[in-house]
Peer 1: 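Provided herewith is a single structure, encoded as structure tokens, for subsequent inquiry.
To find a chain, count down the sequence lines: A is the first, B the second, and so on, and within it residues start at 1.
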2 protein chains.
Amino acid sequence: MTTKTKTKAASKLPLNQIIDGDCIEVMNSLPAGSVDLIFADPPYNLQLRGDLHRPDNSKVDAVDDAWDQFSSFAAYDKFTQDWLKAARRLLKPNGAIWVIGSYHNIFRVGAALQNQGFWVLNDVVWRKTNPMPNFRGKRLTNAHETLIWASKEEASKYTFNYDALKVLNEGIQMRSDWVLPICTGHERLKNEDGDKAHPTQKPESLLHRILVATTNPGDVVLDPFFGTGTTGAVAKKLGREYIGIEREEAYRKVAAKRLSKIRKFDKESLQVTPAKRSEPRVPFGQLVERGMLNPGDELYSMNNRHKVRVRADGSLIGDDVKGSIHQVGAHLEGAPSCNGWTYWCFKRDGKKVPIDLLRQQIRAEMAERPN
Amino acid sequence: MTTKTKTKAASKLPLNQIIDGDCIEVMNSLPAGSVDLIFADPPYNLQLRGDLHRPDNSKVDAVDDAWDQFSSFAAYDKFTQDWLKAARRLLKPNGAIWVIGSYHNIFRVGAALQNQGFWVLNDVVWRKTNPMPNFRGKRLTNAHETLIWASKEEASKYTFNYDALKVLNEGIQMRSDWVLPICTGHERLKNEDGDKAHPTQKPESLLHRILVATTNPGDVVLDPFFGTGTTGAVAKKLGREYIGIEREEAYRKVAAKRLSKIRKFDKESLQVTPAKRSEPRVPFGQLVERGMLNPGDELYSMNNRHKVRVRADGSLIGDDVKGSIHQVGAHLEGAPSCNGWTYWCFKRDGKKVPIDLLRQQIRAEMAERPN
DNA sequence: ATTCTATTTGAATCAGCTG
DNA sequence: GCAGCTGATTCAAATAGAA
């Protein structure tokens, strides 16, 4: 739901800023329960593939030294647990988090999320259209990265704009595998030397889909590993409030410059296809009160197998059953539930018409004359 | 490397058999360092809540078997660590393991693999062509499962048939995302009642690719969660030796019957027919995500009679209509349908350009780097 | 036989409001 | 917090049945 009025906690937030500092310390300094969504692109722990060094700087000879290996994973796990804990504290009860990673770190991140009480909603595969090949031919082309989408807790009523995503995917429900190109060309930020400004800049298309899917305009989106600010750029375009945390001066500078040039899309274009669930509820009885249907009128089931009559209070009566449009439909079909609105029809000029048409009429009137 | 002569350890192995028992106990009874590859499809620990019905009110046949139930994450982790430890002992120094899972368990499996010293080589995404939809519209369609491929240790000289996989993939390096259908139709084994013999039977195509990629003829392949024996069936066809462990009598019976009917392929029939590929579908929303069009941009109809604006989810909005590029076109023309791709134009340098041009651009990119 | 239509089904952590 | 009621929701592929 769109937050028009800021909550007390949110009013203290440093919105649309890039904060300098260690993300754990910064997050702990912000008010608890104030953020709608966190997007995190943490370090992938790639150093594990290189040489391992002991604290005294001597090189670990072989990796048959299980203790050293474990200690290295343990350090990464500690770091992961700490920033996730700080992130979870910041989230509103219905808040959610996205984390992106590769096989080097995503298993440890996923397990830590579950251990801390986050509730995994989906894992999403970003399938790269143009990945870097495996030059040595020793493994499969590493052509994807993994994202985890999790709510703060199992009971959270997380935001998911199902219908908007279905439209985005040409009328078919969005899947857990997303085909998107990596960040290249004009979108890839360069520093003064012409080198890429950040080694792992994510494409805006990825953040676009994430923010359209799991936030609403006005929501607060925090990114603890802000980098060049892709999360902020897309959030600003889409009319979401962002908070970026980044400890590297160079990245903050690039991100600030980038964000200053971004303009928000106009308000109307930010509207997405609304969920049917959000439409106003119309009691069936109102159709009778308004004379659109009359007591005694006959209704026919969609499959023509059943006939019932309307009563003055908006209940239905059949041969051996009475109750609401839903209850009677469910009973006659032997089904656990039934949407009476789409199940029952009346006859107009000899033709069967779903009663939902009458509901749509009422809703159209309500939209014309609100309240 | 092809093992022509069996090692001392391997000579004691019960090859091409299905062993009755708990997989941990059985593995511990077999000689250490004797197996080339392990494929494991362990319980996923799904943690399903209530019943789920399709929109047509039919009930989804859930995986509610006792073998998938664990009392806690800790219990599942203990189980995972135990069977992985037994598996690792069995592997030859250059051996490797594949484990398949979903977001419910794969993070815990992956972390346990790393903690025990296995060396992750790739994570592979099985993208299902025909997954079960998300019936309630509350999440993304869970359209993939994840496999982890890991060698026994970092120093292992694991088997990887790079060129065979490249041929299998029409001359292009095999990627980490594999598009394969789920197991249905004739391949899906039934019991006497005509019900599916196992709730989670994997497709032979998946095992085929795994065994072609990471074993050689004559290699010993062990599956500690044998189920209906897909691993054994494909191994036998491909001339690999298999060992199956399964504690459920019913599954062993089905698997034994299945395996008795399998014949090893002759070399010629090992050639596989490459899948034909049709023009990929490009959702209009992808043009918005990728910034080729922006929310708020105006589109003009081919006949210049209508003007609409693009929204963030890839829907269009006109004076009194909103929906997909096809829906809005059809509505404005009073036509039953409309190809929005050829109907709508945008302006570039003052000239009208059909949006289909942008789709062609994306398809050209996809064709450059197919699959 | 052939074509078209209807039905079935698959590793699924699948609701939200009112009283 | 709980009980009870309302009412929103599916894609691809194989198979079965009808024309």
Peer 1: Do the numbers put B:Arg209 on top of the ring of B:Trp178, so that NZ or CZ is under 6.0 Å from the six-membered ring centre and no more than 45° off the axis?
Peer 2: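 So B:Arg209 does make the cation-pi contact.
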
Peer 1: Could you measure between the two C1' atoms, the one in C:dA11 and the one in D:dC5, and give it in whole Å?
Peer 2: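 C:dA11 and D:dC5 have their C1' atoms separated by 32 Å.
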
Peer 1: Quick check: does any side chain N or O of A:Asn161 sit under 3.5 Å from a backbone N or O of A:Thr214, one acting as donor and the other as acceptor?
Peer 2: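 Checking the backbone N and O of A:Thr214 against the side chain of A:Asn161, no donor-acceptor pair under 3.5 Å is found.
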
Peer 1: Under 4.0 Å, counting only non-hydrogen atoms across every strand here, what does B:Pro203 touch: a base, just sugar-phosphate, or nothing?
Peer 2: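 Contact class for B:Pro203: none.
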
Peer 1: Does B:Arg108 make a cation-pi contact with B:Tyr76, if we ask for NZ or CZ under 6.0 Å from the ring centre and within 45° of the axis?
Peer 2: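 No - B:Arg108 does not lie over the ring of B:Tyr76 by the 6.0 Å and 45° rule.
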
Peer 1: Within the structure shown, what part of the strands sits under 4.0 Å from B:Lys202 by heavy-atom distance: base, sugar-phosphate, or nothing?
Peer 2: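 Base, at least one base atom sits under 4.0 Å.
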
Peer 1: Just how far, in rounded Å, is P of C:dA12 from CZ of B:Arg139?
Peer 2: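 Rounding to the nearest Å, CZ of B:Arg139 and P of C:dA12 are 13 Å apart.
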
Peer 1: Looking only at side-chain N and O atoms, does A:Arg175 come under 4.0 Å of OP1 or OP2 in D:dA12?
Peer 2: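 Looking at the OP1 and OP2 atoms of D:dA12, neither is under 4.0 Å from any side-chain N or O of A:Arg175.
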
Peer 1: With nearest nucleotides of DNA chain C determined for A:Tyr158 and B:Pro131 from heavy-atom distances, which residue corresponds to the more 5′ nucleotide?
Peer 2: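 Checking each residue's closest nucleotide, the 5'-ward one belongs to B:Pro131.
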
Peer 1: Tell whether B:Arg54 reaches the base of C:dG10 with its side chain through a donor-acceptor pair below 3.5 angstrom.
Peer 2: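 It does, because a donor-acceptor pair links the side chain of B:Arg54 to the base of C:dG10 below 3.5 Å.
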
Peer 1: Can you say whether a donor on the side chain of A:Arg281 sits under 3.5 Å from an acceptor on the base of D:dT6, or the other way round?
Peer 2: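 For A:Arg281, whose side chain was compared with the base of D:dT6, there is no donor-acceptor pair (under 3.5 Å).
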
Peer 1: With C1' as the reference atom in both, quote the distance from C:dA1 to D:dA18 in angstrom, rounded to an integer.
Peer 2: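 Going atom to atom, C1' in each nucleotide, I get 14 Å.
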
Peer 1: Syn or anti for C:dT7, please, going by whether the chi angle lies within 90° of 0.
Peer 2: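 This nucleotide is in anti.
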
Peer 1: In residues 311-333 of chain A, what residues come within less than 4.0 Å of DNA chain C, judged by heavy atoms?
Peer 2: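 Those residues: none at all.
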
Peer 1: Measure the acute angle between the ring planes of B:Phe107 and A:Phe107, then classify it against the limits of 30° and 60° as parallel, tilted or perpendicular.
Peer 2: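 B:Phe107 vs A:Phe107 ring planes: tilted.
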
Peer 1: Against B:Phe225, only a single residue in B:Phe39, B:Trp67, B:Trp83 fulfils ring pair (Phe, Tyr, Trp, His ring centres under 6.0 Å); can you say which?
Peer 2: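 Only one option passes, and that is B:Trp83.
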
Peer 1: Mapping B:Thr184 and A:Ala275 onto DNA chain D by nearest heavy atom, which one lands closer to the 5' end?
Peer 2: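 First, find each residue's nearest nucleotide; the 5'-ward one identifies A:Ala275.
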
Peer 1: Tell me whether A:Trp119 is stacked on the nucleobase of C:dT13, counting only the six-membered base ring and applying the 5.5 Å and 30° thresholds.
Peer 2: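 The base of C:dT13 is stacked with A:Trp119 (centres under 5.5 Å, planes under 30°).
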
Peer 1: Let's test your reading of the model: under 3.5 Å, does the base of C:dA11 pair with the side chain of B:Lys128 as donor and acceptor?
Peer 2: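 Side chain to base: no pair below 3.5 Å.
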
Peer 1: Per the atom types in the model, does the base of D:dA8 pair as donor or acceptor with the side chain of A:Ser337 at under 3.5 Å?
Peer 2: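 Yes.
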
Peer 1: Any side-chain N or O of A:Asn339 under 4.0 Å from OP1/OP2 of D:dA8?
Peer 2: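 Looking at the OP1 and OP2 atoms of D:dA8, one of them is under 4.0 Å from a side-chain N or O of A:Asn339.
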
Peer 1: Name all stems that contain residues of DNA chain D, defined as runs of 3 or more consecutive Watson-Crick or G-U wobble pairs, both distances under 3.5 Å.
Peer 2: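 Runs of three or more consecutive pairs: C:2-10 with D:11-19, C:15-19 with D:2-6.
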
Peer 1: How far does the P atom of D:dA8 sit from the matching atom of C:dG10, given to the nearest Å?
Peer 2: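 So the two P atoms sit 28 Å from each other.
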
Peer 1: Could you measure between the two P atoms, the one in D:dA12 and the one in C:dC14, and give it in whole Å?
Peer 2: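 Approximately 23 Å lies between the P atom of D:dA12 and that of C:dC14.
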
